[in-house]
Amino acid sequence: MVNSSLIKELKKIVGDDYVMHHPDELLVFQYDGSTDKALPDVVVFPKSSEDISSIVKIANRYDQYIIPRGAGTGLSGGAVPMYGGIELVLTRMNSILSIDVENRLALVEPGVVNLDLSKYVASMGLFYAPDPSSQISCTIGGNIAENSGGPHCLKYGVTTNHVLACEIVTENGDIIWLGDKFRNVPGYDLLGGFVGSEGMMGIATKIIVNLLPIPQSVKTHLASFATIDQASFAVSSVISSGLIPSAIEMMDKLTIEAVENVVKCGYPDTAGAVLLIELDGSNEEVSEQSKQIMDICNSLECQDISVAASIEERNALWRGRKGALGALGSLAPNYFLVDGVVPRTKLPETLKTISKISEKIDLPIANVFHAGDGNLHPCILFDEQEPGMAEKVLGAGGEILQACVDVGGTLTGEHGVGFEKKEFMYKIFSNSDLDQMLRLKSSFAPNGRLNPGKVFPGGPKCFDMGNYNTFRS
Amino acid sequence: MGIEIKPENTIFTSTQMDIQDLYKCVHCGLCLSSCPTYTVLGKETDSPRGRIAYMKAIYEEKTYLTPRIVSHLDSCLQCRACESVCPSGVPFGRLMEHTKSYIVNKKKYSFFRSVVNKFLYKVVFPKQFILSLLSIGIKVYKALKLNKIRILMPGFMIPLDKMISDTPKEVFRADGSIFYSNPIVKKRSVALLSGCVMPIVQSDTMRATVRVLNKNGCDVFVPESQKCCGALNIHGGDLEGAKSLAKANIDAFIDLDIEAIIVVSGGCGAIMKEYFDLFKNDEEYLEKAIRFSNKVKDISEFLIQISIIKPENNLDYTVTYQDSCHLSNVQKITSPPRQLLEQIEGITIVEMEDNKCCGAAGVYSLFHKEMSSVLASSKMDSVESTRANVVISGNPGCMIQINGEASKRKSPIKVMHLVDILDEAYSYAN
């Protein structure tokens, strides 16, 4: 529990308006975009690195956990305060501090909304590549914590490939820099370890990201197939032909139905699966590759393949894809989103296993995913109000992840481990692997005060300080 | 979908909220950055997702309407920008209307607020004669040149003074007049909603509407028995009051042999297209309301539909178009006004970068001065960065708000209704 002198000290730093501690108000800070829920004890909205440094020092004195939060759109419970504590909401730190057009760099605060950065630099002919589906709301800071991806990561890579440096506040309140404006930094690449550390190693307070020139030409194809198998095969064929589209996204029949219910963006209702295949680059390159894509899809008996003729059409196609998860809300009150990765060639096999799991638990599972990366997003549709549902769904989620791991895949493509998947870490890491990871984390945050209970299996404290080999044997 | 509707739970059921709507929200958070209050404050408490979480928590009896929760719910502008981006199709506007009604039923507003609410919703909007008194008041104010007395002019009075000094002399009366069109072109018949505030403070716009419609071959009938549309009642949680206004309007227009009911205010049009939401349990009026709503047309969508005569005059203006929230987010009308502007020779259209709510939002500015003025100011920044000399809008609230902000900044920018600029482009007098 928090006491009133802690509140007083926090208010002194950020002002009365930016500290919330009444139970009624805290209700809306217990969730993010995932299914996990837990209440914080107090919520603080800092404005600067110095604010955060002071707050961290206070937390140390009062022995409080600190849980950083951006927009709260995460999908693995990363921003949910599982063990209470001080929730540190970074939305007020949303300034784009400077743009270096010539070197294509941006210095931003963590609360900047992902899409706002791309909009801001568009007039300079630049964009920020990582594009999570929640990019209209999610923040760059949150993207760094979860090492977020998005549809276009097939060509451009995930967040870690676009972050050059971070100013962070450490667990003891120090303000330090990791990385530099240059690609190569002398010494160890600590930034590489920090990106994706889910707020457990420090709080990013200033970020230098890499920007890319907006491609000359973009073509978005909508290809529909009778079965998901055929569509999966098309994905493998496109990739093995040597083409690197900027995105290949797949949606199955159930997802198409949900999207057309709500967003209405012109996906064919006769298809068993659709692919969105996007190419970008120079005009010649794109039209040449577009022909190849058409040929491949046609040779694989696709029902139809078309190219978006205008920006409006292209936006409509993407609106459907980016709104797909929310649209599933029109089919059932809740969904549980699994974020597994499999080798592309194993897509058909894994999708079959998923459909078997769906039959077994008697719940629909919709598939909408980054097919080019083999990054699956099966969504189990359910109603949390029905008794026993939570265990059933979590069980099925586990089975799906197991299926991914069994064919040589992994646990997460872009959503992070968070609270949700930490127990699955054993499936892909040995105890020694986890120990080593934990030692790195502990060198930054030895007291486990930052975002406790995430990523590593077990409780908030003991394992943080412990030794997996000892505990597991 | 197995959400258990608890019959014994009277929360919201008194307002007939459809509880299933609440559970359509999957808290994905995509709505956040569309919300003006979230964008200003950066707080989940004042976001669409947060407000729905409060509604759910109240329905599930995990909390109740505490003063803090009331203030977060009440800070919503009801601009419905969140609906446009919601991938789950949550009807947020409807949820909020019921929630406001619930706040009123539970008497959770302050005494002052309740009295003002009652006065506005029970006396001012439903009864046109009060508005006539207002127009007399405006005349007195002008005649006595009260704005020259400095002590009466603190900063917050500037926008109001601007509105008053712009008010035309003659009101536009809904007195059953028929305005006949130029007989050369094919005849059409339409009826016009005169509204409550517009016939007084923007009566010139009403007359311009008649001229523009006449010019394009439409006879315009202005039924006498029509009333205020009830939008402000609904937004303020007075669903019963809104129902009786809606009934009066349905009765006034439903049997007319007309092609369309023309509305020149985005807010009025939006609510009139949703009248049927009020009559879920009233079969007689439900059917009529659906027929009524189908006939309601915003002036811009109607003019595009009938394809207008090309305006003769060349107007040398750089304009920017302000999307009224209820025109764009609810009626989904964004391109017709722009298409009409493009038909006027000489006009250059420059788009604003950010088209969020201007903060007028009906009577919102009365109770949430601070938020309203932050939004007005950021709207004015967007307007000024276009370097336009005219702002066009299709909603009186936005016009008054932007005009007020402009006069605060002593900006020379002119605010016009879409119909005003069309009228100017048509008329030879100018």
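The chains referred to below are lettered A, B, ... by the order of the sequence lines, with proteins before strands, and numbering in each begins at 1.
- Remark: the backbone N or O of Cys28(B) is not paired with any side-chain donor or acceptor of Thr73(A) at under 3.5 angstrom.
- Taking CD of Glu25(A) as the reference point, atom OG1 of Thr66(B) lies at 7.5 Å (rounded to 0.5 Å).
- When the candidates Gln135(A), Met20(A), Arg319(A) are compared by the number of heavy-atom contacts under 4.5 Å with chain B, Met20(A) comes out ahead.
- Side-chain contact of Glu384(A) with Tyr23(B): a donor-acceptor pair under 3.5 Å is absent, judged by distance alone.
- In terms of heavy-atom pairs under 4.5 angstrom with chain B, the leader among Ala258(A), Ala71(A), Gly74(A) is Ala71(A).
- Of the inter-residue distances, the one linking Ser34(B) atom OG with Ile136(A) atom CD1 reads 7.0 Å to the nearest 0.5 angstrom.
- Annotation for Pro87(B) and Gly323(A): closest pair CB-O, 3.1 Å, computed over non-hydrogen atoms.
- Most heavy-atom pairs under 4.5 Å with chain A, from the set Val85(B), Val26(B), Leu30(B): that is Leu30(B).
- Of the two parts of Phe382(A), neither the backbone nor the side chain holds a non-hydrogen atom closer than 4.5 Å to a non-hydrogen atom of chain B.
- Remark: Tyr18(A) OH to Lys43(B) NZ distance equals 5.5 Å, nearest 0.5 Å.
- Only the side chain of Leu27(A) comes within less than 4.5 Å of a heavy atom of chain B; its backbone N, CA, C and O stay farther away.
- Between atom CG of residue Asn334(A) and atom SG of residue Cys25(B) there is a gap of 10.5 Å, rounded to the nearest 0.5 Å.
- Counting non-hydrogen atoms of neighbouring residues, nucleotides and ligands closer than 6.0 angstrom, the OH atom of Tyr109(B) exceeds 12 such neighbours.
- Enclosure of atom CD in Glu353(B) is not indicated, since only 12 or fewer non-hydrogen atoms of other residues, nucleotides or ligands lie within 6.0 angstrom.
- Here Asp24(A) contributes atom CG and Lys62(B) contributes atom NZ; the two are 15.0 Å apart, rounded to the nearest 0.5 Å.
- Lys119(A) does not touch chain B: none of its heavy atoms, backbone or side chain, sits under 4.5 Å away.
- Between the CD atom of Glu44(B) and the CD atom of Glu87(A) there is a distance of 9.0 Å, given to the nearest 0.5 Å.
- Looking at Asn261(A), neither its backbone nor its side chain comes within 4.5 Å of chain B, counting heavy atoms on both sides.
- Heavy atoms closer than 4.5 Å to chain B are found in the side chain of Arg69(A), but not in its backbone.
- Considering only heavy atoms from C-beta on, Phe29(A) comes within 4.5 Å of Thr45(B) through its side chain.
- Only the side chain of Tyr38(B) comes within less than 4.5 Å of a heavy atom in chain A; its backbone stays farther off.
- With a threshold of 4.5 angstrom between heavy atoms, Arg51(B) does not approach chain A through any atom at all.
- With chain B as partner, the option from Leu328(A), Asp32(A), Val89(A) having the largest number of non-hydrogen pairs under 4.5 angstrom is Asp32(A).
- Proximity of Phe45(A) to Leu41(B): side-chain heavy atoms (C-beta onward) are nowhere separated by under 4.5 Å.
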